[in-house]
S.K.: 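Can you keep this structure in mind? I'll have questions shortly.
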Amino acid sequence: MSNALNRRALFKSAGFAGLAFCAGLTAASAQGVTLRLSAPMTPTDQRAVAMAEVFGPAIKDFATLQPHWNATLFKQGTELEAIARGNLEMSITSPQELATLIPGWSIFTAGYLLRDADHQKKVFADPLMNDLKKITEDRLGVKLLSVMYLGRRQVNLRTEKEIKTPADLAGVKLRMPGTEAWLFLGQALGANPLPVAFTEIYTALQTGAVDGQDNPLPTVRDSKFFEVTKQIVLTSHLVDQNYIAISKKVWDRFTPAQQAIMQKAADDAAESGRKKQLALEAELESFFKEKGLKVYTPDVDAFRKKVQADYLASKFAKDWPAGMLEKINAVK
Ligand code: KDO
């Protein structure tokens with residue numbers, strides 16, 4: 001039997017009313033443009049490293065990447081509107097954030113949908129994505145350049161009770177990012193989801209404001225969540241993806257030759273980050289065990305069954321573009 005999430009669903013066209021655009025730049029040429037990028041990740045996160053070491057240098061002849069990590073310029077979840085309003089040039093965004101403005105994106109917030117990093121990359125490049133990408137450009141003024149692999153999200157708890165099935169997470173206060181789609185994922189896992197910004201997770205775990213959080217292993221190490229937690233439950237409930245996003249207005253001001261260089265720079269940065277995240281995922285289990293954490297695999301089938309059933313029955317599924325689920329599952 002297939003593990004894939006299956007069902008025909010109706011696509012209700014996006015409810016996004018459109019935002020007012022203010023052109024941040026008015027000169028005819030994009031020569032010498034500063035691209036301010038705001039995102040919540042740390043500067044040592046492999047996606048940030050790839051942007052600084054691969055993307056920035058590749059575009060330096062005609063643009064300057066100016067990254068603001070740790071959400072220091074815009075708060076997590078406010079970056080897309082900032083780009084749409086002409087107040088920011090770039091971000092590293094997520095389907096969960098896009099879904100708050102364009103409901104069709106919620107298909108990629110579903111747990112146990114994408115199979116792995118390779119599937120994720122192929123799906124993003126597939127023509128099945130054309131409509132969502134175009135709607136995002138037309139309605140939001142945001143162009144998605146490339147897909148970045150964040151990793152397989154795992155449940156990371158400060159409590160000691162062993163977790164085998166979703167029922168074992170009943171009453172567990174699980175920190176999730178603050179969008180509806182993220183909170184639904186926490187609920188589908190069986191937990192009691194609480195919204196907390198990424199930059200506040202460490203303190204929330206330390207003080208016991210939450211019992212746990214979910215993120216891929218490289219993030220658990222990079223942001224030191226292992227210092228304030230006791231176990232990692234390898235649910236692998238979401239093959240998480242982020243997108244390198246740029247203002248379409250800014251993008252349109254570059255020449256076709258500059259756009260080609262920038263597109264390649266984004267793809268190369270994404271590839272570099274993906275390889276490093278995958279390597280880290282493969283080696284970090286032993287790192288956490290050495291640090292004294294319990295790391296184990298629960299009854300993943302039980303999690304998959306509940307999470308997939310909850311998504312298919314959810315209000316989100318009604319917004320998924322018709323036939324898209326089948327197309328995603330068919331990408332090999
Ligand atoms: C998080 O807040 O848990 C999350 O992992 C959600 C992702 O979509 C992404 O925003 C990520 O944070 C940040 O890039 C920090 O790693």
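Counting convention: from 1, in listed order, for ligands and their atoms alike.
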S.K.: Should you measure from each heavy atom of Ser94, which atoms of ligand 1 turn up under 4.0 Å away?
M.R.: 8 (O)
S.K.: Can a donor-acceptor pair be found between the side chains of Thr199 and Asn70 at a distance below 3.5 Å?
M.R.: no
S.K.: Would you please determine whether Leu150 falls within less than 4.0 Å of ligand 1 on a heavy-atom basis?
M.R.: yes
S.K.: Is there a heavy atom of Arg175 sitting under 4.0 angstrom from any atom of ligand 1?
M.R.: yes
S.K.: Tell me whether the rings of Phe184 and Phe316 are parallel (<30°), tilted (30 to 60°) or perpendicular (>60°).
M.R.: perpendicular
S.K.: What atoms in ligand 1 come closer than 4.0 Å to a heavy atom of Pro177?
M.R.: 1 (C), 2 (O), 3 (O)
S.K.: Please identify which atoms of ligand 1 are closer than 4.0 Å to at least one heavy atom of Met41.
M.R.: 14 (O), 15 (C), 16 (O)
S.K.: Quick one: do Lys134 and Asp131 make a salt bridge, cutoff under 4.0 Å?
M.R.: no
S.K.: Taking distance alone, with no angle check, do Arg153 and ligand 1 share an N/O pair under 3.5 Å?
M.R.: yes
S.K.: Is the shortest distance from a Lys or Arg side-chain nitrogen in Lys133 or Glu137 to a carboxylate oxygen in the other one below 4.0 Å?
M.R.: no
S.K.: Under 3.5 Å between some N or O of ligand 1 and some N or O of Asn215?
M.R.: yes
S.K.: Could you verify whether a donor N or O on one side chain and an acceptor N or O on the other, from Thr159 and Asp211, lie under 3.5 Å apart?
M.R.: no
S.K.: Would you check whether Arg47 has a nitrogen or oxygen atom less than 3.5 angstrom from a nitrogen or oxygen atom of ligand 1?
M.R.: yes
S.K.: Looking only at protein heavy atoms, identify the closest one to atom 9 (C) of ligand 1 and say how far it is in Å.
M.R.: Asn242 OD1, 3.6 Å
S.K.: Taking atom types as modelled and ignoring hydrogens, do the side chains of Trp320 and Ser106 form a donor-acceptor contact shorter than 3.5 angstrom?
M.R.: yes
S.K.: I'd like to check whether Gln76 has a polar contact with ligand 1, where a contact means an N/O of the residue lying under 3.5 Å from an N/O of the ligand.
M.R.: yes
S.K.: Give me the residue, atom name and distance of the protein heavy atom closest to atom 13 (C) of ligand 1.
M.R.: Pro40 CG, 3.7 Å
S.K.: Do Thr42 and Thr44 have side-chain N/O donor and acceptor atoms under 3.5 Å apart?
M.R.: yes
S.K.: With heavy-atom distances below 4.0 Å as the criterion, list the atoms of ligand 1 near Trp182.
M.R.: 6 (C), 8 (O)
S.K.: Side chains of Thr229 and Asn156 only: does a donor on one sit below 3.5 Å from an acceptor on the other?
M.R.: yes
